[in-house]
Amino acid sequence: MKLLEKKVCLVTGTSRGIGGEIVKRFAQEGAVVYANARKEGSIDESSKHWEDAYGTSVVPVYFDVTDENGAKQAIMKIKKEQGRLDVLVNNAGIMKDSVIGMISSELMKEVFSANVFSVISLIQLANKLMGRQKSGSIINLSSIVGVEGSAGQLVYSASKGAVAAITKAAAKELAINNIRVNAIAPGMIDTDLFRSIGEENIERNLKQIKMGRLGSTTDVANAAVFLASDLSSYITGQILGVDGEASV
Ligand SMILES: NC(=O)c1ccc[n+]([C@@H]2O[C@H](COP(=O)([O-])OP(=O)(O)OC[C@H]3O[C@@H](n4cnc5c(N)ncnc54)[C@H](OP(=O)(O)O)[C@@H]3O)[C@@H](O)[C@H]2O)c1
């Protein structure tokens with residue numbers, strides 16, 4: 001029995017990294033996946049590949065998550081084609097580092113638009129479908145730095161802390177309609193985003209992980225499968241660390 005058989009899922013930020021792996025694992029578990037990317041055509045090939053490999057639907061939906069109208073069109077397309085939405089994964093995110101003295105208002109706006117405001121908008125849109133059907137699972141990508149804070153990453157840490165608070169507040173408000181809202185707080189996962197900190201910092205950070213290795217995108221995608229599936233049907237408002245016991 002596949003864990004997500006016929007569940008209709010929207011995953012944002014799937015052109016690479018954690019989002020790309022979530023699409024693969026969801027398709028493998030039988031989900032109907034609407035995979036978001038911002039560059040038109042960029043995931044046509046991979047979507048077709050997973051469709052053929054796992055015999056389910058993987059439909060690319062192109063929009064920038066900071067564009068509310070684009071997100072609305074995608075939700076309307078899902079409503080028209082499927083009549084429901086079972087799972088939303090707010091994965092798209094950016095990391096921009098800056099020491100406190102150098103933080104600009106442009107940087108704050110850019111990071112909060114991509115990492116926070118888009119998450120609220122998509123929860124609002126998803127709730128319209130999930131509220132009517134009285135079920136759903138929303139999974140937000142927070143971060144270990146959103147819980148612990150990280151030097152040189154005040155804005156990114158704040159945005160991911162906001163995602164954790166959004167998760168808890170939405171879980172409280174939406175539980176009445178059987179909509180679960182949880183977050184995953186990854187530690188250091190081997191993706192472009194993490195590698196952007198540079199080799200020297202990577203070596204230093206590795207020493208901070210008690211399990212002695214970076215996380216893989218599969219480690220995170222498996223947690224997303226669990227939270228999307230009915231195995232977690234009584235779990236909501238939780239921030240699930242996937243970090244191999246890391247400290248920052
Ligand atoms: N890797 C880690 O160690 C780590 C740790 C904690 C939390 N996280 C969180 O996990 C999530 C995924 O991270 P990752 O490591 O997989 O990052 P990544 O490799 O940089 O991939 C980020 C993805 O998000 C997409 N994206 C960014 N801004 C977007 C926008 N405005 N609209 C649509 N898509 C957008 C990117 O698309 P493009 O290809 O178009 O840029 C890309 O597909 C993020 O929310 C990140 O903050 C990651």
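The chain is numbered in sequence order, starting from 1. Counting starts at 1 for both ligands and their atoms, following the listed order.
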Close side-chain approach of [X] and [Y], heavy atoms under 4.5 Å:
X: Phe226; Y: Leu231; result: yes
X: Ser196; Y: Met95; result: yes
X: Met130; Y: Ile138; result: yes
X: Arg195; Y: Leu214; result: yes
X: Ile139; Y: Val87; result: yes
X: Asn182; Y: Leu240; result: no

Can you name the one residue among Thr12, Leu141, Leu10 that meets side-chain contact (heavy atoms from CB on, under 4.5 Å) with Val89?
->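 So, applying the side-chain contact (heavy atoms from CB on, under 4.5 Å) to Val89 and each of Thr12, Leu141, Leu10, only Leu141 qualifies.
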Any N/O pair [X]/ligand 1 closer than 3.5 Å:
X: Ile189; result: yes
X: Thr66; result: no
X: Val65; result: yes
X: Gly17; result: no
X: Asn91; result: yes

Part of Met95 within contact of ligand 1 (heavy atoms, under 4.0 Å) | neither
Short list, please: which atoms of ligand 1 are under 4.0 Å from a heavy atom of [X]?
X: Asp64; answer: 30 (C), 31 (N), 32 (N)
X: Ile94; answer: 27 (C), 28 (N)
X: Lys160; answer: 44 (C), 45 (O), 46 (C), 47 (O)
X: Gly187; answer: 3 (O), 5 (C), 6 (C)
X: Met188; answer: 3 (O)

Nearest protein heavy atom with distance in Å, relative to [atom]:
atom: atom 17 (O) of ligand 1; result: Leu193 CB, 3.3 Å
atom: atom 25 (C) of ligand 1; result: Gly13 CA, 3.6 Å
atom: atom 22 (C) of ligand 1; result: Gly93 O, 3.9 Å
atom: atom 26 (N) of ligand 1; result: Ala92 CB, 3.9 Å

May I ask whether [X] places a heavy atom under 4.0 Å from ligand 1?
X: Asn115; value: no
X: Lys39; value: no
X: Thr12; value: no
X: Gly20; value: no

Less than 4.0 angstrom from a charged side-chain N to a carboxylate O is my criterion; do [X] and [Y] meet it?
X: Lys48; Y: Asp52; result: yes
X: Glu68; Y: Lys72; result: no
X: Arg213; Y: Asp190; result: no
X: Glu29; Y: Arg25; result: yes

Residue selection (non-hydrogen contact nearest [atom]) among [options]:
atom: atom 47 (O) of ligand 1; options: Tyr156, Tyr62, Phe63; result: Tyr156
atom: atom 40 (O) of ligand 1; options: Glu110, Glu21, Arg38, Arg195; result: Arg38
atom: atom 7 (C) of ligand 1; options: Ala71, Ser15, Ser142; result: Ser142
atom: atom 1 (N) of ligand 1; options: Thr191, Val145, Val11, Thr14; result: Thr191

Residues, nucleotides or ligands: over 12 heavy atoms within 6.0 Å of Glu173 CD |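 Incorrect, the count does not exceed 12.
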Do Ile179 and Ile184 belong to the same hydrophobic cluster, where Ile, Leu, Val, Met, Phe, Trp and Tyr are linked whenever their side-chain heavy atoms lie under 4.5 Å apart, directly or via other members?
->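 Each belongs to a different hydrophobic cluster.
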Can you name the nearest heavy-atom pair linking Gly30 to Thr56, along with the distance?
->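 That closest heavy-atom pairing would be O-OG1, 3.8 Å.
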